[in-house]
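Residue numbering restarts at 1 for every chain, and letters A, B, ... go by the order of the sequence lines.
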Number of protein chains: 2
Amino acid sequence: MKRKEDKRPLADEIAQAIQLGEFRTGEWLRQIDLEERFSATRFDVRTALEALVVRKEVQHVRNRGYKVPALEPEMIGYHRDVRVILECGAVPQIVANATAEDVARLSALAEAFSVAAKSGTHMDQSRTNREFHEAMHALTGNPVLVETIWSIRDRGRSAPFTIWRTPDTLRQSDEDHHQMVRCIREGNAAGLSEVIESHIRRPH
Amino acid sequence: MKRKEDKRPLADEIAQAIQLGEFRTGEWLRQIDLEERFSATRFDVRTALEALVVRKEVQHVRNRGYKVPALEPEMIGYHRDVRVILECGAVPQIVANATAEDVARLSALAEAFSVAAKSGTHMDQSRTNREFHEAMHALTGNPVLVETIWSIRDRGRSAPFTIWRTPDTLRQSDEDHHQMVRCIREGNAAGLSEVIESHIRRPH
DNA sequence: CCGCAATAAATTGGCGCCAATTATTACGCA
DNA sequence: TGCGTAATAATTGGCGCCAATTTATTGCGG
């Protein structure tokens with residue numbers, strides 16, 4: 001029940017648990033459960049939840065508690081549009097900065113996702129997917145951009161995840177990744193933008 | 001010293017005070033001062049400051065306190081690049097959605113800034129400027145996009161403000177606003193993007 | 001007169017209790 | 001047996017104290 005130094009990460013731990021679908025959309029996050037699950041004091045749990053509210057990753061209802069936000073369809077659309085703007089906006093820098101070894105590393109990460117898509121757990125798929133996109137965004141060399149992209153992604157994650165793992169969409173995502181790598185290798189910015197946009201807009 | 005219902009707004013009040021330059025860049029935000037200035041309890045002040053840390057609008061140093069972040073030049077550059085991506089990414093929707101009355105309203109707001117630029121206080125200039133851009137962004141019809149744009153703008157506000165009010169840059173900004181209105185009226189998306197980009201990149 | 005060290009004042013920050021509110025259960029009455 | 005209501009249990013949420021740390025002040029020696 002004691003956490004002295006690492007207080008901040010608790011918010012991220014809870015956030016990650018939400019991303020991994022360990023709490024269902026609309027589910028209440030009971031403070032007592034959380035303090036047990038993460039071995040934290042009640043106060044720390046509340047601080048973390050409050051931070052997640054500011055980040056819009058959980059919703060707060062007065063005198064009722066904190067819950068995983070159930071965002072309506074139109075909000076999901078808004079999120080998607082912002083993602084398209086940001087992630088396509090990142091393309092020019094990505095293409096400009098990518099070295100041969102960057103491409104090689106990306107390719108390896110895309111391959112890791114391929115493997116996970118075929119024979120991995122949900123968590124493997126989620127992890128390798130995130131690693132691939134993280135590596136790609138990092139190529140922009142702009143930490144503010146990277147952070148902004150992830151803040152939007154993380155906000156819209158609660159819903160899509162449940163419907164995500166159909167074999168078909170999974171295979172499609174996998175193909176997209178490899179195609180992105182190809183575009184970057186060829187310096188094809190326009191092509192990369194196209195792939196990213198359809199990757200985001202695909203009916204998850 | 002008592003605030004029962006309106007707890008959340010305190011963070012925004014403090015944020016606004018920072019935007020208006022009432023605290024200098026790098027200045028320490030003493031909790032005692034804040035609780036006096038805003039007639040809030042110590043606990044509420046700390047909650048608000050913690051929220052602002054999550055939003056990256058203030059910086060926290062352990063055992064020393066909270067201060068207005070002094071962001072180094074390269075960070076300012078990163079912010080600008082993200083702003084360009086977001087605000088130019090908003091252009092297509094703005095142009096597509098703008099009705100004749102929207103253009104009229106924008107024009108009026110641009111004019112209000114013109115007046116403030118000539119004979120208003122700093123606060124007038126800041127306010128009318130914000131109102132103009134808020135109205136323009138609102139035309140996207142995408143609240144997530146609007147909010148994202150402002151979260152980036154508000155993070156990079158601390159420094160530029162002091163150097164902002166030279167008559168020349170002020171006049172330049174004023175011209176930009178009117179040109180933006182013109183582009184929207186003509187449905188000239190490419191032109192609008194250009195103006196916005198140079199508006200943002202101009203050496204404030 | 002200046003620099004350094006010990007002391008005092010001020011400020012921050014971790015933590016937990018208890019009242020207020022909501023959900024649940026139990027009971028009595030139609 | 002079903003429904004409304006009251007008692008009970010569970011959960012949330014506002015608030016404040018005091019230790020830890022830093023900064024300012026004072027006093028002393030060189």
Side-chain angles (χ1 to χ4, degrees), chain A residues 1-18 22-71 155 158, chain B residues 1-18 22-71 155 158:
Chain A
M1 288 287 181
K2 42 185 171 181
R3 311 186 137 225
K4 287 176 186 174
E5 300 307 316
D6 58 336
K7 201 176 176 184
R8 198 62 58 130
L10 178 57
D12 294 319
E13 281 184 56
I14 296 174
Q16 193 180 335
I18 295 172
E22 305 192 19
F23 301 100
R24 298 214 180 135
T25 302
E27 186 177 344
W28 291 102
L29 299 167
R30 295 194 315 139
Q31 299 179 1
I32 296 179
D33 291 350
L34 294 178
E35 59 183 301
E36 267 194 41
R37 191 167 185 316
F38 296 99
S39 308
T41 68
R42 155 114 10 161
F43 188 85
D44 290 340
V45 167
R46 277 176 54 191
T47 304
L49 286 172
E50 206 48 52
L52 291 175
V53 169
V54 176
R55 292 203 226 159
K56 306 274 171 72
E57 292 184 45
V58 307
Q59 208 175 347
H60 182 231
V61 183
R62 190 179 165 118
N63 287 326
R64 286 206 136 190
Y66 301 83
K67 67 171 180 173
V68 181
L71 21 80
R155 277 168 59 172
S158 17
Chain B
M1 288 284 182
K2 43 185 170 181
R3 309 185 139 228
K4 286 176 184 175
E5 301 306 316
D6 57 337
K7 201 176 176 185
R8 198 63 58 132
L10 179 56
D12 293 320
E13 280 184 56
I14 296 174
Q16 194 182 334
I18 295 173
E22 306 193 17
F23 301 100
R24 298 211 180 139
T25 302
E27 185 177 346
W28 291 103
L29 299 167
R30 296 194 317 140
Q31 298 179 1
I32 296 179
D33 290 349
L34 294 179
E35 59 182 303
E36 267 196 42
R37 192 166 182 318
F38 296 98
S39 308
T41 68
R42 155 98 31 139
F43 188 85
D44 291 340
V45 167
R46 278 176 53 191
T47 303
L49 287 171
E50 205 49 52
L52 291 175
V53 169
V54 176
R55 292 203 225 159
K56 306 274 171 68
E57 292 184 44
V58 308
Q59 208 175 347
H60 182 232
V61 182
R62 190 181 164 116
N63 287 327
R64 286 207 140 186
Y66 300 84
K67 66 171 182 171
V68 181
L71 20 82
R155 279 168 60 174
S158 16

Compare every heavy atom of [Y] with every heavy atom of [X], then report the nearest pair and how far apart it is.
| X | Y | answer |
| --- | --- | --- |
| B/Phe23 | B/Ala17 | CE1-CB, 3.7 Å |
| A/Gln31 | A/Leu49 | CG-CD1, 4.3 Å |
| A/Val54 | B/Arg55 | CG1-CG, 3.7 Å |
| A/Ala11 | A/Ala51 | CB-CB, 4.4 Å |
| B/Glu57 | B/Pro69 | O-CD, 3.3 Å |

Return the value, rounded to whole Å, for the distance between atom [atom1] of [X] and atom [atom2] of [N].
| X | N | atom1 | atom2 | value |
| --- | --- | --- | --- | --- |
| A/Leu10 | C/dG14 | CG | P | 13 Å |
| B/Phe43 | C/dG16 | CZ | P | 13 Å |
| A/Gln31 | C/dG16 | CD | P | 14 Å |
| A/Asp44 | C/dC15 | CG | C1' | 9 Å |

Sugar-phosphate, base or nothing in reach of B/Val61, heavy atoms under 4.0 Å: sugar-phosphate

Produce the list of close N/O pairs, under 3.5 Å, pairing protein atoms with atoms of nucleotides 8-10 of chain D; give distances to one decimal.
none

Contact check, side chains of B/Val61 and B/Trp28, non-hydrogen atoms, under 4.5 Å: yes

pair B/Arg46-B/Glu50: side-chain heavy atoms closer than 4.5 Å: no

Under 4.0 Å protein heavy-atom contact, by nucleotide of nucleotides 17-24 of chain C - B base, S sugar-phosphate only: ----SSS-

Phosphate OP1/OP2 of C/dG13 contacted by B/His60 side-chain N/O (<4.0 Å): yes

Mutual orientation of the aromatic rings belonging to A/Tyr66 and A/His60 [parallel < 30°, tilted 30-60°, perpendicular > 60°]: parallel

